[in-house]
There are 2 protein chains.
Amino acid sequence: MARKRFDDSNCSVARALNQVGDWWSLLIVLHAMYGTRRFVDFQQELGIAKNILCDRLARLVDNGVLKKVEVGEHGSRFEYRLTEKGRDLFPVVIALRQWGDKWNPAPDEAPLDLRDRATGQPVQTIQVRNADGEPITVRDVFVPDASSPGSKKDSV
Amino acid sequence: MARKRFDDSNCSVARALNQVGDWWSLLIVLHAMYGTRRFVDFQQELGIAKNILCDRLARLVDNGVLKKVEVGEHGSRFEYRLTEKGRDLFPVVIALRQWGDKWNPAPDEAPLDLRDRATGQPVQTIQVRNADGEPITVRDVFVPDASSPGSKKDSV
DNA sequence: TAATCTGGTTTTAAGATGCAACCCAATTAT
DNA sequence: ATAATTGGGTTGCATCTTAAAACCAGATTA
């Protein structure tokens, strides 16, 4: 049977996963953030099969995460560049990286040291914050119930 | 051929995706954050096939994202609960939700209104911040080159 | 005691993936 | 000028994964 798709889910996380939630797409976006733009470079850096890479790039372009740009005057050379939508995945990628560094550290390697160009200092650990800027956890949040505004149901 | 796995990748994002990067795993974690704990509830809420749910729950337990807890005195009733590692995916899920709400809003539905229990105010949009707490984008960061500390290569 | 609930496993058909081979236009080397 | 290489694909095939439905066994409920 076909893989299930969530295009029409009423959950925005499911819809997001529909666009970048497969094994390769987020890694492609990550490498695009690294600066990779060419088909062959993605292929070599990721070790992905060419047909799969074609499919994923096309899907990411369809979804507006990447745009395909002709380079080299005579056509037939392309670059895949992040759109604003694609660059906006930065917090997702960083959150995932920090989670991975914390919980599955490479035994022999230091976690990636990512720094701010302006200050030269490492970036902060990404966190969910309340209106006052205080970091909060999943236990600190609720979804106000539209029908009875007083209730504080546990939810994400 | 089998799907490629990234257990041993030297990229922590790849290793993270290996644990929660398939179509269902993050949705299971999301629903666990909602409060879902029982097999049947996951199954009904997600509309996932039972064999796939079995497999994913087992994998999440193996990876330490969930723990399987016997409830009901005589065994054979279980709950799947988030571990600290699992709860620590909160920023990832929120970042993904906010990205989805921004770029693929449901046509007819308001985005999820997530609030802080203590203040009753909506949570902030999650962002990558530099050491001074200023939000930064992918263009503002670099990875210091260990061999020549002065260089500012563009990287994530 | 019968029916139902819970948490699975098995079977089957259809999709998705990885790999290698092939293709063709543009570029580079000889 | 011709040959070899590069870039960006497509095609076919074998294998793996998935969805759906049937089935199952131990508890619980009627």
Side-chain angles (χ1 to χ4, degrees), chain A residues 1-9 14 17-28 31-32 35-63 65-81, chain B residues 1-9 14 17-28 31-32 35-63 65-81:
Chain A
M1 283 275 144
R3 231 215 58 232
K4 234 171 214 192
R5 287 246 141 72
F6 311 107
D7 313 77
D8 55 346
S9 169
L17 288 173
N18 208 41
Q19 303 199 350
V20 295
D22 76 292
W23 293 99
W24 288 114
S25 295
L26 253 193
L27 285 179
I28 292 173
H31 280 248
T36 304
R37 296 175 163 191
R38 305 296 293 272
F39 187 95
V40 282
D41 295 330
F42 282 114
Q43 210 215 315
Q44 285 173 11
E45 292 169 14
L46 293 168
I48 183 176
K50 289 167 86 175
N51 50 351
I52 306 297
L53 179 57
C54 275
D55 179 81
R56 292 306 183 276
L57 288 174
R59 199 198 316 262
L60 288 169
V61 169
D62 278 352
N63 288 328
V65 174
L66 297 177
K67 62 190 164 202
K68 185 173 183 174
V69 180
E70 280 197 30
V71 297
E73 309 67 35
H74 316 329
S76 113
R77 293 290 148 108
F78 308 98
E79 284 187 358
Y80 294 89
R81 298 189 196 157
Chain B
M1 284 270 144
R3 228 213 64 230
K4 236 170 214 192
R5 286 249 142 70
F6 311 107
D7 313 77
D8 55 346
S9 169
L17 287 173
N18 208 40
Q19 302 198 352
V20 296
D22 76 292
W23 293 100
W24 289 114
S25 296
L26 254 192
L27 284 179
I28 291 172
H31 280 248
T36 304
R37 297 174 162 192
R38 306 297 294 272
F39 187 94
V40 283
D41 295 330
F42 282 114
Q43 209 216 317
Q44 286 173 8
E45 292 169 15
L46 293 168
I48 183 176
K50 290 167 87 177
N51 51 350
I52 305 298
L53 180 57
C54 276
D55 178 82
R56 292 306 184 275
L57 287 173
R59 193 191 330 255
L60 288 169
V61 169
D62 279 352
N63 290 139
V65 174
L66 296 177
K67 61 190 166 203
K68 185 173 182 174
V69 180
E70 282 196 30
V71 297
E73 308 68 37
H74 317 328
S76 113
R77 292 291 149 104
F78 307 99
E79 284 187 356
Y80 294 90
R81 297 189 197 160

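The model shown is predicted, which means the values in this text are computed figures rather than measured ones. Heavy atoms only: backbone and side chains are in, while hydrogens, waters and symmetry mates are out. Numbers restart at 1 for each chain; the letters A, B, ... are given by sequence-line order, proteins then strands.
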Task: Non-hydrogen side-chain atoms of A/Glu79 and A/Arg38 separated by less than 4.5 Å - done: yes

Open item on the list: Please enumerate all residues that pass side chain to side chain contact (heavy atoms under 4.5 Å, CB included) together with A/Gln44, with sequence neighbours excluded.
Closed with: none

Open item on the list: If you compare every side-chain N and O of A/Arg38 against the phosphate oxygens of D/dG7 (OP1, OP2), does one of them come in below 4.0 Å?
Closed with: no

Task: Reference residue B/Tyr80; test side-chain contact (heavy atoms from CB on, under 4.5 Å); the match among B/Leu53, B/Thr36, B/Leu57 - done: B/Leu57

Task: Closest listed nucleotide, where the reference is the side chain of A/Phe39 and the choices are D/dG8, C/dT6, C/dA16 - done: D/dG8

Task: Heavy-atom side-chain proximity of B/Lys4 to A/Trp23 below 4.5 angstrom - done: no

Open item on the list: So, using side-chain hydrogen bond (donor to acceptor under 3.5 Å, both in side chains) as the criterion, who are the partners of A/Asn51 when residues are at least two apart?
Closed with: none

- [ ] Side chain of A/Arg77 only, please: which of C/dG8, D/dG9, C/dT27 is the nearest?
- [x] C/dT27

- [ ] Describe the nucleic acid contact of B/Phe42 in one word from base, sugar-phosphate, nothing, applying a heavy-atom distance below 4.0 Å.
- [x] nothing

Open item on the list: Side chains of B/Arg3 and B/Asp22, heavy atoms from C-beta outward: is any pair under 4.5 Å?
Closed with: no

Open item on the list: Measuring to OP1 and OP2 of C/dG8, would you say a side-chain N or O of B/Tyr80 lies under 4.0 angstrom away?
Closed with: yes

Tabulate atom names and distances for all N/O pairs under 3.5 angstrom spanning the protein and nucleotides 17-19 of chain C.
residue, atom, partner, partner atom, Å
C/dT17, OP1, A/Arg56, NH2, 2.6
C/dT17, OP2, A/Arg56, NH1, 3.4
C/dT17, OP2, A/Arg56, NH2, 2.6
C/dT17, O2, B/Met1, N, 3.4
C/dG18, OP1, B/Lys4, N, 3.0
C/dG18, OP2, A/Trp24, NE1, 3.3
C/dC19, N4, A/Asn51, ND2, 2.6

